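This report concerns only the one structure given below.
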Protein chains: 2
Amino acid sequence: MAETRRKPGPRRALTEREIVDAALALLDAGGAEAASIRRIAAAVGVAPNAVYTYFPDKAAVERALVERILEDVQAPAEGDWRPAVEALAIGLRSRLVAHPGAVPLMLGGPMDGPHALRLGELLLDLLAASGLDAASAARASYTLMVYVLGAAALEVADGPPGPLPPEAERIAARHAALGEVPAQAFPRTAAATGVMATWVGTEQFLWGLRRVLDGLEAAAK
Amino acid sequence: MAETRRKPGPRRALTEREIVDAALALLDAGGAEAASIRRIAAAVGVAPNAVYTYFPDKAAVERALVERILEDVQAPAEGDWRPAVEALAIGLRSRLVAHPGAVPLMLGGPMDGPHALRLGELLLDLLAASGLDAASAARASYTLMVYVLGAAALEVADGPPGPLPPEAERIAARHAALGEVPAQAFPRTAAATGVMATWVGTEQFLWGLRRVLDGLEAAAK
DNA sequence: ACCTGAACACCGTTCAAGT
DNA sequence: ACCTGAACACCGTTCAAGT
């Protein structure tokens with residue numbers, strides 16, 4: 001991780017991408033607090049303030065980080081709109097939960113970068129074939145983004161800083177959580193915690209996604 | 001805001017609630033960065049480290065803040081389950097958007113405080129009358145929380161730190177955003193931005209909520 | 001028991017100076 | 001043009017000392 005320090009000089013020693021990649025690696029390994037400007041600079045072998053040659057402030061680095069993650073959400077295969085929308089949602093979610101520290105950054109600011117726009121446009125394209133009128137398709141697309149981002153945020157919220165533990169461990173954590181819910185005061189919550197421990201991650205996400213899509217599809221008469 | 005400084009002494013000068021209320025006021029006025037331990041301490045007239053007599057660390061203050069906000073989400077009136085669930089969702093959303101700075105705190109950690117449990121239990125109670133079996137009701141309740149929290153997060157994301165501007169101003173901001181979407185590269189996004197500017201806040205929230213509820217209701221056969 | 005001042009190890013950001 | 005060291009105004013948190 002500790003790269004060799006470059007010689008000072010008038011020529012550009014780094015690229016924006018190197019900086020963003022270093023930031024993402026720190027974020028993945030140690031969560032939000034590990035991705036400080038000072039640590040990013042150290043990781044790329046440069047003084048802290050050198051970063052400001054590439055980005056105006058930390059918020060700009062974070063925006064670039066979000067775009068970096070959205071960059072390789074792949075477009076779904078051709079075909080019926082519903083499976084295509086599902087595939088897009090699944091792809092986006094999996095990118096998000098692979099980078100838990102980035103989820104608050106994504107939810108925390110407007111998503112107006114080129115890759116965010118590309119995915120939004122793609123989603124609207126797919127929904128155009130759903131039978132929804134243009135206004136409903138716009139609202140449906142927003143509703144779907146709310147669901148995908150919200151699901152990722154809740155999924156990532158309980159976890160530690162750094163990477164998400166494997167599913168088996170997360171199920172065990174749910175069972176432990178079950179034991180801590182006061183069952184006589186909150187009987188349904190205790191029961192529900194048990195239910196939620198049987199599925200974790202993708203399967204729960206898919207169940208909800210399909211209910212949302214059912215509701216949206218029904219609105220297309 | 002600057003309270004008179006209390007005399008030092010062995011007796012408890014503050015309550016947890018005073019500290020949390022001060023934190024909430026700072027958060028509402030100036031966003032997350034205004035709600036630092038040091039500024040909270042100054043607001044209640046105490047040295048920064050005195051806060052650690054009441055809370056073990058900043059995360060504990062934030063958890064108490066979240067609970068403070070959930071505290072006065074009122075239970076919906078008796079009646080059919082669907083309007084009651086809608087009322088609960090609307091009430092929760094309105095509390096969240098009234099405190100934009102608190103939304104990332106809510107999404108950022110597990111919601112396991114007493115008031116979070118109370119609302120979750122209430123939601124499960126209402127869903128028990130929906131015709132969903134217990135397992136589906138648990139998943140439906142989770143899906144609804146994802147929607148409500150996700151919607152609040154996206155709604156609050158574009159805004160400035162501090163209180164959310166009035167709706168008229170937010171609609172104007174959407175129209176400004178419309179002008180910035182490159183319409184030839186992203187034609188559907190540009191059109192959708194126009195649609196989204198006609199409704200803002202509550203109405204968009206309700207539209208999506210009803211689609212989600214439609215999908216959940218359909219799952220009850 | 002509760003509070004204080006002082007300190008520690010950090011932040012993001014700015015600025016004048018070097019190459 | 002790009003980088004540096006140094007500084008500024010902050011953080012959260014700890015600790016020994018006062019009452």
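What's counted below: heavy atoms across the whole structure, side chains too, no hydrogens, waters or symmetry copies. Computed from a prediction, not measured in an experiment: that's the story for all the values here. Per chain, numbering begins at 1; letters A, B, ... match sequence-line order.
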task: Mind calculating the distance between CZ (A:F55) and P (D:dC3) to the nearest angstrom?
output: 12 Å
field: Closest contact, heavy atoms only, B:G101 versus B:L105
entry: O-CG, 4.0 Å
Consecutive Watson-Crick or G-U pairs in runs of at least 3, all under 3.5 Å, in which DNA chain D is involved: C:4-8 with D:12-16, C:12-16 with D:4-8
query: Looking at A:W207, does the NZ or CZ of A:R210 lie under 6.0 angstrom from its six-membered ring centre and within 45 degrees of the ring axis?
result: no
- line: For A:V103 and A:A152 the tightest heavy-atom approach is CG1-C, 4.2 Å
- request: Compare all side-chain heavy atoms of A:M111 with those of A:L70 and state whether any distance is below 4.5 angstrom.
  value: yes
Between P of C:dT14 and CZ of A:R38, the distance in whole Å: 13 Å
query: Within the pair B:S36 and D:dC11, is there a side-chain N or O less than 4.0 Å away from OP1 or OP2?
result: yes
message: Let's see if you can work this out: which of C:dT4, C:dA7, D:dT14 has an atom nearest to the side-chain heavy atoms of B:Y52?
response: D:dT14
B:I40 CD1 - D:dC10 P separation (whole Å): 16 Å
- prompt: Looking across every strand, which nucleic acid part, if any, lies under 4.0 Å from B:Y54 by heavy atom: base, sugar-phosphate, or nothing?
  reply: sugar-phosphate
- request: Check B:I69 against B:R95 and note the closest heavy-atom contact, atom names and distance.
  value: O-NE, 3.3 Å
query: D:dC11 P sits how many Å from B:E33 CD, rounded?
result: 9 Å
Heavy-atom check, side chain of B:L213 versus side chain of B:E86, under 4.5 Å: yes
Considering all heavy atoms, the nearest B:A151-B:F205 contact: CB-CD1, 3.7 Å
query: Between atom CD1 in B:I19 and atom P in D:dG12, what is the gap in whole Å?
result: 14 Å
statement: Side-chain atoms of B:T53 come closest, of C:dT4, C:dC2, D:dC3, to C:dC2
message: Pairing donors with acceptors under 3.5 angstrom, does anything connect the side chains of A:E71 and A:H115?
response: no
message: By nearest atom, which of the nucleotides D:dC3, C:dT13, C:dC3 is closest to the A:I37 side chain?
response: C:dT13
- prompt: Should the pair B:D158-B:R170 be classified as a salt bridge under the 4.0 Å nitrogen-to-oxygen rule?
  reply: no
Whole-Å distance separating the CZ atom of B:R39 from the P atom of D:dA9: 14 Å
- prompt: Where along residues 56-64 of chain A does a heavy atom come under 4.0 Å from DNA chain D, residue by residue in number order?
  reply: none
